[in-house]
Amino acid sequence: MILEVDENDINIFKENESYNINNNFTINSNKGLEKDTKISYSNIKVVVGLDFGIKYSGFSYCHVANSKEICSNDMWPGDTIRLKTNTVLQYDEEFNNVVYWGAPALAKKPKRRQNSKENPPVKLCLGQHDDSMTILPIDYKKAITDFLREIGKVIKERIECCWPTANYFENVLLVIAVPAKKYTPKEMAIMEECVFHANLVKERDSIKLQFITESEAAALYLVKNISPNVGGTIMIVDCDKNIVEITIRTLIGNDRLGEVTARIGEYCGSAFIDKEFMRFLRERFGTCAIDQLKENYNGQLQYMVQKFCQHAKEPFTGGDPEFSYVVDIEDTAPNLIRYVSEETRKIMEDNQWIIDIEYNDIKKMFDPVIDKIIRLIHIQISNIQENRSTVCLIGEFSENKYLQNRIKEEFGHRVNEILVLTLPTATVARGAVTYGLSVIDGLSVI
């Protein structure tokens with residue numbers, strides 16, 4: 001249960017170091033990813049791929065009779081229409097019961113100025129924590145189980161809505177994609193235990209539960225959806241919220257990717273644009289004021305960040321100098337008013353508590369982050385022996401047009417092609433579904 005990534009923890013990790021990924025990833029402590037050919041999946045009608053991420057989670061699903069029709073859920077609590085929701089829980093004062101989960105647990109539109117403090121949200125993580133991370137007073141297994149139970153309710157509702165005759169426990173294969181790191185057998189046993197207690201499987205060692213790493217799920221979906229004319233070296237640029245990871249693989253035939261030949265990554269995902277927005281707010285309202293708002297009314301602060309993402313970060317293309325974003329403090333974070341200095345208060349009262357964030361302000365938030373991504377791609381291109389390769393952009397941040405345009409301008413003349421998959425945010429969940437379908441068919445993948 002980690003509050004956030006340390007802003008100073010910016011480092012490049014390479015293969016065989018702290019971000020090592022075993023390409024023969026055996027993730028189930030009992031079964032691994034090797035399919036027992038004696039097991040029958042004849043009663044499976046639906047495959048669900050759950051992308052259980054450290055920061056964001058989502059799922060996709062597919063009926064086995066229509067394996068090419070993979071759907072991705074985009075409806076979440078609070079009427080949020082997005083392909084993923086925050087991997088966050090909001091508990092009651094005793095930390096016993098879940099009050100909110102997903103995006104509403106992190107960011108809530110204020111109805112009026114609040115007088116009581118909020119409980120801090122619980123962000124989930126399975127694995128080793130270092131001493132610098134803030135741990136909340138709740139058992140992490142309970143938090144993981146509670147989140148899986150809540151998202152499981154949405155999964156079951158979606159399955160029932162699409163296929164009313166399907167029995168979830170009898171006819172559904174669940175494939176969970178987990179962060180791409182080398183988990184210990186103990187950690188995976190804990191994960192299986194949490195899935196069981198969340199009522200997502202009927203038995204602890206159910207054959208209807210499979211695991212795959214995020215990176216392998218993404219690679220599997222990628223190879224199933226790129227043009228058969230693409231060949232040679234494939235550079236996968238996974239632009240996520242926090243980490244941007246670039247891997248180089250070779251295409252074997254038309255339907256398989258070879259092992260990873262190079263991997264590099266850095267903390268320079270889209271969340272760092274949010275941090276630049278926070279820096280902007282601190283300059284406008286004072287560090288002390290923002291810190292107090294975060295400590296006492298973090299939901300309002302996160303709501304302000306959420307609105308910035310929806311109306312400024314996501315639609316920003318870099319091509320319209322007239323683009324701007326207006327923030328109404330009284331509407332988004334009214335409790336901030338009580339913490340600002342007298343000098344700031346006078347200025348903001350004159351402006352009716354409205355700030356106009358102009359094109360250049362937003363561009364300055366993007367450029368340091370995108371510059372790091374471009375530097376990583378340069379490093380990987382220099383590692384490739386052949387002159388030409390295909391670059392595939394996946395992950396949530398890769399949907400941003402400004403990032404796409406910058407990458408195309410920088411590397412369009414140096415690579416064969418730059419591809420962006422449809423719904424790149426759902427790549428991992430869709431790859432998990434693809435893996436589940438291959439397990440049922442008994443195919444050899446990745």
Side-chain angles (χ1 to χ4, degrees), residues 1 25-36 38-54 57-61 73 77 85 87-89 91 95-98 101-102 122-129 136 138-160 163 166-214 216-217 428-429 432-433 435-436 439-440:
M1 298 150 310
F25 197 93
T26 301
I27 199 164
N28 188 309
S29 58
N30 297 310
K31 302 184 291 295
L33 292 181
E34 293 288 331
K35 176 182 176 292
D36 187 341
K38 297 179 181 180
I39 294 176
S40 173
Y41 290 94
S42 60
N43 64 331
I44 297 297
K45 297 180 180 179
V46 179
V47 177
V48 175
L50 172 58
D51 178 5
F52 182 54
I54 294 174
S57 297
F59 68 91
S60 298
Y61 50 94
N73 181 67
T85 191
T87 310
V88 180
L89 297 165
Y91 284 92
F95 284 92
N96 291 325
N97 302 309
V98 175
W101 71 280
V122 178
K123 298 185 181 180
L124 313 184
C125 181
L126 176 64
Q128 299 297 321
H129 311 313
L136 294 176
I138 182 173
D139 180 72
Y140 70 93
K141 288 187 285 187
K142 169 179 169 54
I144 293 174
T145 300
D146 285 344
F147 184 85
L148 289 173
R149 182 183 298 111
E150 297 299 331
I151 199 171
K153 293 176 184 177
V154 180
I155 292 173
K156 293 173 184 176
E157 289 173 1
R158 179 53 50 192
I159 298 303
E160 183 178 3
W163 303 286
N167 182 303
Y168 175 83
F169 291 108
E170 297 298 327
N171 306 130
V172 175
L173 172 64
L174 176 63
V175 181
I176 300 181
V178 295
K181 58 160 281 186
K182 189 185 291 184
Y183 281 109
T184 66
K186 178 181 178 181
E187 288 170 344
M188 286 319 305
I190 291 172
M191 189 65 190
E192 287 186 331
E193 178 186 349
C194 292
V195 172
F196 171 73
H197 287 299
N199 201 32
L200 284 174
V201 291
K202 213 170 187 179
E203 302 170 352
R204 289 178 183 268
D205 190 26
S206 174
I207 65 170
K208 296 181 176 68
L209 172 65
Q210 296 285 334
F211 290 93
I212 189 172
T213 65
E214 290 177 347
E216 294 303 327
V428 171
V433 172
Y435 173 74
V439 168
I440 294 172

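A quick note: this is a predicted structure, and the numbers were derived from the prediction, not measured.
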For Phe169 versus Val201, what's the shortest heavy-atom pair and its separation? CE2-C, 3.9 Å
Can you list the residues that meet the side-chain contact (heavy atoms from CB on, under 4.5 Å) rule with Thr85, with sequence neighbours excluded? Trp76, Trp101, Ala103
Working to the nearest 0.5 angstrom, can you tell me the gap between Leu148 CG and Leu174 CG? 9.0 Å
Could you list the donor-acceptor pairs under 3.5 angstrom formed by side chains in residues 150-159, with sequence neighbours left out?
unit_1: Lys156; atom_1: NZ; unit_2: Asn199; atom_2: O; d: 2.7

Scan Val48, Leu50, Val47 and name whichever one has a side chain to side chain contact (heavy atoms under 4.5 Å, CB included) with Tyr61. Val48
Hey, does the side chain of Lys142 reach the backbone of Asn96 with a donor-acceptor pair shorter than 3.5 angstrom? yes
If the condition is salt bridge (charged side-chain N to carboxylate O under 4.0 Å, His left out), which residues does Lys45 pass it with, not counting sequence neighbours? none
Rounded to the nearest 0.5 Å, how far apart are CD of Glu160 and CG of Asn167? 10.5 Å
At their closest point, which heavy atom of Phe52 faces which heavy atom of Ile176, and how far apart are they? CB-CG2, 4.0 Å
Val428 and Ala177 have their tightest heavy-atom pair at CG1-CB, 3.5 Å
Does a side-chain heavy-atom distance below 4.5 Å link Phe196 with Thr145? no
Holding to salt bridge (charged side-chain N to carboxylate O under 4.0 Å, His left out), I want the full list of residues that pass it with Glu170, two or more places apart in sequence or in another chain. Lys202
Side chain to side chain donor-acceptor pair (under 3.5 Å) involving Asn171 - partner list, sequence neighbours excluded: none
Tyr435 and Val175 have their tightest heavy-atom pair at CD2-CG1, 3.9 Å
Checking Asn97 now: which residues fulfil side chain to side chain donor-acceptor pair (under 3.5 Å) with it, not counting sequence neighbours? Asp92
Heavy-atom pair with the smallest gap, counting every atom of Thr87 and Gly53: OG1-O, 2.9 Å
Working for side chain to side chain contact (heavy atoms under 4.5 Å, CB included), residues Ile44 and Lys208: CA-CA 8 Å; Ile44 297 297; Lys208 296 181 176 68; 4.1 Å; yes
Approximate separation, where rounding is to 0.5 Å, of Tyr41 OH and Leu173 CG: 6.5 Å
Considering only heavy atoms from C-beta outward, does the side chain of Glu214 approach that of Asp51 to under 4.5 Å? yes
I need the minimum non-hydrogen distance between Val433 and Gly49, along with the two atoms involved. CG2-N, 3.3 Å
